[in-house]
Structures are given as structure tokens and as C-alpha cells.
There are 2 protein chains.
Amino acid sequence: MISKKTKYGLKALIYLARQYEQGPILIADLARDENIPKKFLEAILLALKNSGILQSRKGKGGGYYLGRSPRQITMGQAIRVMEGPLAPVPCVSESAYAKCTECGNENTCGIRLVMKDVRDAIAQILDNTTLADVLERIDHAEQSEKNVIDFCI
Amino acid sequence: MISKKTKYGLKALIYLARQYEQGPILIADLARDENIPKKFLEAILLALKNSGILQSRKGKGGGYYLGRSPRQITMGQAIRVMEGPLAPVPCVSESAYAKCTECGNENTCGIRLVMKDVRDAIAQILDNTTLADVLERIDHAEQSEKNVIDFCI
DNA sequence: TTAAAATCTATCAAATCTGTAGACTAACCA
DNA sequence: TGGTTAGTCTACAGATTTGATAGATTTTAA
């Protein structure tokens, strides 16, 4: 299960993607609109900035904005910043490999063999889904729902 | 990342699968052979028993053993017992659905749309990989490694 | 130079994870 | 029947992570 931190971060990114190239957005506005504790959100946005996904400007007229186009930011990149590696076990992580302390022979570990497949399946999806893709899917879902409502009327 | 508890549990299941139909296995032997803290392992095996995956017998000659054939126990079943639902967010879980507190409209939530795909990909693998499959993959990997060594000699 | 807004530091409560200790119960065997 | 074996139950405790708050500081625009 992903943490609240990750959910908040993803919500913030989707929010900022929706307003891409419309100037800096205030943390306060984002926190209010998405129901995220402001101080908590500050730390999350800072982490996303330090990873290069976001940029910011201080002082009056300042705020946060995407560091590059929504087409060039993937869910995988964002989730790794907030949640850590996608891999279920460190010994199959591509971005942050580490030896499992309890494992003997890595080549013949049954858990590892299975978890490698799981990691690849997760990464296949998250590293190929951009913020732009997510916006499209949301629009599509909203359209579908609207049609259902129209149909009911 | 999966917890140590889950890793210990999976190791124990693989260990027990390897000795299927050879009578009850002692917690103490399992703990020693797999380097798992005994008292911690006790709690894990008990949970696996309560879920029906394992069975046990008390007293002399007692111990733990698989409740059904390794062909009929999947990694998904086992992991859900120790780690909880496979889904990254509760609102896409098949085994333990729950509404996300922070989500407004579930039908148009972008995070949900993506995480549904992730859950399905994970479940596709883990619910179709049995303990017998894992044993086979281990054997295969050990054979491959042996060949490499022979080749080097 | 003043106000706005991000940034940094520190702290904290609650939950979860990992592991331990000891009493209790069931089963076997002599 | 009594002793030994081995799983079961209850409780706890330290470490780490999570979620959140408070206040001081720095940067920038007007």
C-alpha cells in the first residue's frame, strides 16, 4: 500500500499538470483545493523539487510548477521520489539495488525470481504512464460518467 | 517493499513445500535452517495456519506442514496473509476493498485508474505462481548455475 | 523596505515492524 | 498417571516509519 505522502504528492503533480505553463501555483492553494495538510505538503513538494520533477520561485508571485512537460514526467519517477524503489525486494531494484541480507545465493533464490517478474510488471506500467496520460484518462473517465448521467436523464 | 515477516513466511513455505508429505516439521528446525528468529517465526506460522495454508500438530512428533499440495498454494494467497492486500491503494483491492478517505469520485480518480492496472499486473503474477512453480524455478536456476560452474572448469 | 512565499530546523504523537519472555495447552509415551 | 515435547496465547518493548505541526529564516517582487 502506498503512503499518504505518495498519494498527496501524486495529487499535487496532477493538479500542477492541469495548470502547466500557467505560472507558479501557491502551496496554500494546492493544499486547500486537494485537502492536504499544508506543512506536510511543503515537505513533499520540496522533495519533488530536489529530484528535479518540480521547480519553484520564492517571494511574491512565487510558487511551484512542473520542471518539464507533463508528457515527460512519469508516475514511476514521481513514486520513486516519495515511496522509494518500485521493487518488492531490494535485490531486484533497478534504481536502488541492494543485496538482501537474509538471502544466500541470489541466482537461485525463489523469492527473488518471482519478485523480479513483479517488479518488471509494475515498472512496465508506471514508467510508461506520464502525467499527460493520467490527465487524458481522467478526462475520458469524466466524459464516460457524464454520458451515463445523460443517459439516466 | 515487502517486510521481513513476509520474506520469513515465504521462506518457510518453500521449505515446507520441499518436504511435502514427509510429516510435520519442527519450528525449531525451520528457524535454524533458514536463519529466522524462532519466536517471530512462531507467530508467522500461526497466522498461516489460521488462514488455512498450513496445518499443525502439537506434542511429540508434532510440527507444521502444508495444508494442501504445493500446486494449490499460490504466492498471492501467502503474501496476502502476511503483508495484506496486493493492491497499492485500498480502493482497487479485490480481497479487501475499502474506500480511499481522500478520494472524491472513485470513477474519475486518476491515481485509482493507474493503480488498478498495477494491482491487476501484480495479482496476475502472484495468483498464478504456486509453491510448486517456485520449487521448479529454483531447481532450474540451480541447474543453470551448476552448468556455468562446469563450463568454467 | 515591506510583504509574500518558499525553505529549513526541530519536534512530536501514533502506528507499525521486529523481536523477546513466559505461561498455557494439547499430544504422545512410558 | 506423569513427564516430556511442541505448538499456542498474552504481553511487552525497542526501533523505525508515518503523518503532522510550529516557528525561524531566506529569497524575491513591488
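A, B, ... follow the sequence lines: proteins, then strands. Residue 1 opens every chain. The figures that follow rest on heavy atoms only: side chains count, while hydrogens, waters and symmetry mates do not. The structure presented is a predicted model; accordingly, all values stated were derived computationally and were not measured.
A donor-acceptor pair is defined here as one N or O able to donate and one able to accept, closer than 3.5 Å; such a pair exists between the side chain of B/S51 and the backbone of B/L48. In this structure, A/K11 contributes its side chain and B/E102 its backbone to a donor-acceptor pair below 3.5 Å. In terms of modelled atom types and a separation under 3.5 Å, the side chain of A/N50 and the main chain of A/A47 share no donor-acceptor contact.
Counting to the nearest Å, the C1' atom of C/dC8 and the CD1 atom of A/I44 are 16 Å from each other. Rounded to an integer number of Å, the gap from A/K49 NZ to C/dA6 C1' is 8 Å. Between B/F40 atom CZ and C/dA21 atom P the separation is 15 Å, expressed in whole Å. To the nearest angstrom, P of D/dT18 lies 12 Å from CD1 of A/I2. As a whole-Å value, the separation of A/M1 CE from D/dT18 P is 15 Å. Rounded to an integer number of Å, the gap from CD of A/E42 to P of C/dA10 is 17 Å. The distance from atom NZ of A/K5 to atom P of D/dT18 is 7 Å, rounded to the nearest whole Å. For the pair A/Y8 OH and D/dA20 C1', the computed distance is 9 Å after rounding to whole Å.
For B/S56 and D/dA6, the shortest distance from a side-chain N or O to OP1 or OP2 is not below 4.0 Å.
Contacts of A/L45 with the nucleic acid, taken as non-hydrogen atoms under 4.0 Å apart, are absent. Within 4.0 Å (heavy atoms only), A/K38 reaches no atom of the nucleic acid at all. Residue contacts shown for B/I25 are limited to sugar-phosphate atoms, with no base heavy atom under 4.0 Å away. When heavy atoms are screened at a 4.0 angstrom cut-off, B/K4 is found touching the sugar-phosphate backbone but no base atom. Heavy atoms of A/L41 sit nowhere under 4.0 angstrom from any nucleic acid atom.
Using a 4.0 Å cut-off between a side-chain N of Lys or Arg and a carboxylate O of Asp or Glu, B/R112 and B/E106 qualify as a salt bridge.
Considering only the side chain of A/K58, D/dT27 comes nearest among D/dG19, D/dT27, C/dT20.
Ranked by how close their nearest DNA chain D nucleotide is to the 5' end, A/G59 and B/L26 are led by B/L26. Both B/N50 and A/P37 lie close to DNA chain D; mapped to their nearest nucleotides by heavy-atom distance, the more 5′-ward contact belongs to B/N50. Both A/K39 and A/K60 lie close to DNA chain C; mapped to their nearest nucleotides by heavy-atom distance, the more 5′-ward contact belongs to A/K60.
B/Q72 and B/R68 get closest at one heavy-atom pair: O-NE, 2.9 Å.
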